[in-house]
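Order of the sequence lines sets the chain letters (A, B, ...), proteins ahead of strands, with each chain counted from 1. Heavy-atom basis, side chains included; hydrogens, waters and symmetry copies ignored.
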There are 2 protein chains.
Amino acid sequence: MSEKVKLSDQQYQIVETLCHLQGGSARDVLNNLPDQSLAYTTVATILTRLEKKGVLSSETVGRERVYTPEISVSEIKRSMVGGLISTLFKGDSKALLAHLVREGDVDPNELEDLRQLLDKKEEQE
Amino acid sequence: MSEKVKLSDQQYQIVETLCHLQGGSARDVLNNLPDQSLAYTTVATILTRLEKKGVLSSETVGRERVYTPEISVSEIKRSMVGGLISTLFKGDSKALLAHLVREGDVDPNELEDLRQLLDKKEEQE
DNA sequence: CTTTCTCCACTACAGGTGTAGTAGAATATC
DNA sequence: GATATTCTACTACACCTGTAGTGGAGAAAG
């Protein structure tokens, strides 16, 4: 299951790519990666390790090993954001909110806009 | 200077403690750490490594090595939150906001409260 | 002064990560 | 069928991190 997923940047990039592709081979991932400078074997290694971690599963199809994400991008994000909140803000997610606004990353006025946006979105669903 | 500071949980815990103490020895940090189960030498090792990284500086005072943070807790938080935003949300901090609300970590109604709170805080300053 | 305590520097070691090469098997191409 | 391509598995290696032991120097205690 989900639990605490903690991925490095590189690993996240690869899982995300795989999720967008909805599964695929190392070659597929490599071809769709934002950073094209990696060696094929590097991607393959990372995929293997991610599988060992339980984030992916794989299946041999013909000559290819096809990986399937066992977790959604949302879950990963939730888990990683959650980890940061627990480390930096003692588990208080509002403190992160406050931090974002205080640090000027987000304009306070945007909060209201955002709220309305989300309210609308909720209605639609 | 600041730049990209990336600390592990453990490292963050130690820097944060040191910041609260406004500097101190390994022993001081150990005594004030939430997690008391670490060995003295473990804390000392981490402090040494953090100094090598430039996050701390140190000075020998008598028999003790006294460490001083070279960066504030706020800066570390900003840097680490920023890193996560860039990894997970392509640098869009509002996307993180939206994520927090969508994932139910924060009630949409709280956004307004928060906004008002922050507006007040701004007035006070 | 001798014994004990405490601190620091150095060393150690396992596990994770980034990165990639090599070997061998399977496939595609000529 | 021989050759080139391509894929996986295995191996490698350096660096980071968590964790801590050891040895020696200095300070405190008796």
Side-chain angles (χ1 to χ4, degrees), chain A residues 3-18 21 23-68 76 79-80 83-84 86-87, chain B residues 3-18 21 23-68 76 79-80 83-84 86-87:
Chain A
E3 289 301 288
K4 302 169 189 177
V5 185
K6 176 99 179 175
L7 303 178
S8 69
D9 285 14
Q10 193 68 268
Q11 292 173 338
Y12 175 79
Q13 230 53 254
I14 286 182
V15 176
E16 198 204 27
T17 302
L18 192 68
L21 297 173
S25 66
R27 180 66 54 185
D28 295 335
V29 172
L30 180 59
N31 289 337
N32 288 275
L33 220 48
D35 175 6
Q36 287 288 316
S37 71
L38 289 182
Y40 171 87
T41 49
T42 302
V43 175
T45 301
I46 296 177
L47 286 169
T48 306
R49 288 176 183 169
L50 287 170
E51 183 177 13
K52 194 172 295 174
K53 248 192 194 183
V55 179
L56 314 175
S57 64
S58 75
E59 199 187 357
T60 304
V61 177
R63 75 218 160 273
E64 272 191 338
R65 178 154 285 264
V66 174
Y67 291 89
T68 310
I76 297 172
S79 173
M80 289 179 69
L84 200 75
S86 102
T87 300
Chain B
E3 288 301 287
K4 305 167 187 176
V5 185
K6 176 99 179 174
L7 303 178
S8 69
D9 286 13
Q10 193 67 268
Q11 291 174 339
Y12 175 78
Q13 229 55 253
I14 287 182
V15 175
E16 199 204 25
T17 302
L18 193 67
L21 297 174
S25 66
R27 181 66 55 186
D28 295 335
V29 172
L30 180 60
N31 289 337
N32 287 277
L33 220 48
D35 175 6
Q36 288 287 316
S37 71
L38 290 181
Y40 170 87
T41 50
T42 302
V43 175
T45 301
I46 297 178
L47 286 169
T48 306
R49 289 176 182 169
L50 287 170
E51 182 176 14
K52 194 172 295 174
K53 249 191 193 183
V55 179
L56 314 175
S57 64
S58 74
E59 199 186 357
T60 303
V61 177
R63 76 221 159 268
E64 274 190 337
R65 177 155 288 263
V66 175
Y67 291 88
T68 311
I76 298 171
S79 174
M80 290 178 69
L84 199 76
S86 101
T87 300

For the side chain of B/Lys53, counting heavy atoms from C-beta on, which of C/dA20, D/dG18, D/dT17 is nearest? D/dT17
One character per nucleotide, please: for nucleotides 22-30 of chain D, 5' to 3', B when the base has a protein heavy atom closer than 4.0 Å, S when only the sugar-phosphate does, - otherwise. B----S---
Kindly state which residues belonging to residues 7-18 of chain B come within less than 4.0 angstrom of DNA chain D, counting heavy atoms of the residue only, listed by number. B/Ser8, B/Gln10, B/Gln11
Give a yes or no on whether the backbone of B/Val5 and the side-chain of B/Ser79 come within a donor-acceptor separation of less than 3.5 Å. yes
Please report the distance, rounded to the nearest Å, between CG in A/Leu50 and P in C/dT19. 13 Å
Taking atom types as they are modelled, is there a donor-acceptor pair under 3.5 Å from the base of D/dA20 to the side chain of B/Thr45? yes
What is the distance, to the nearest angstrom, from the CG atom on A/Leu33 to the P atom on C/dA20? 12 Å
Of B/Val43 and A/Arg49, whose nearest nucleotide on DNA chain D comes first from the 5' end? A/Arg49
So for atom CD, which belongs to A/Gln36, do other residues, nucleotides or ligands contribute more than 12 heavy atoms lying within a distance under 6.0 Å? yes
Should the heavy atoms of other residues, nucleotides or ligands under 6.0 Å from NZ of B/Lys6 be counted, would the total exceed 12? no
CZ of A/Arg65 versus P of C/dA25: gap in Å, rounded? 17 Å
Spacing of B/Gln10 atom CD and B/Asp35 atom CG [to the nearest 0.5 Å]: 6.0 Å
Gap between atoms NZ and C1', on A/Lys6 and C/dG15 respectively (whole Å): 16 Å
Euclidean distance, atom CD1 of residue A/Ile46 to atom P of C/dG21 [Å, nearest integer]: 14 Å
Would you indicate, yes or no, if C/dA20 has its OP1 or OP2 atom less than 4.0 angstrom from a side-chain nitrogen or oxygen of A/Thr42? yes
Using a heavy-atom cut-off of 4.0 Å across all strands, would you classify B/Ala39 as base, sugar-phosphate, or nothing? sugar-phosphate
How many Å lie between CG on A/Leu38 and P on C/dT17, as a whole number? 16 Å
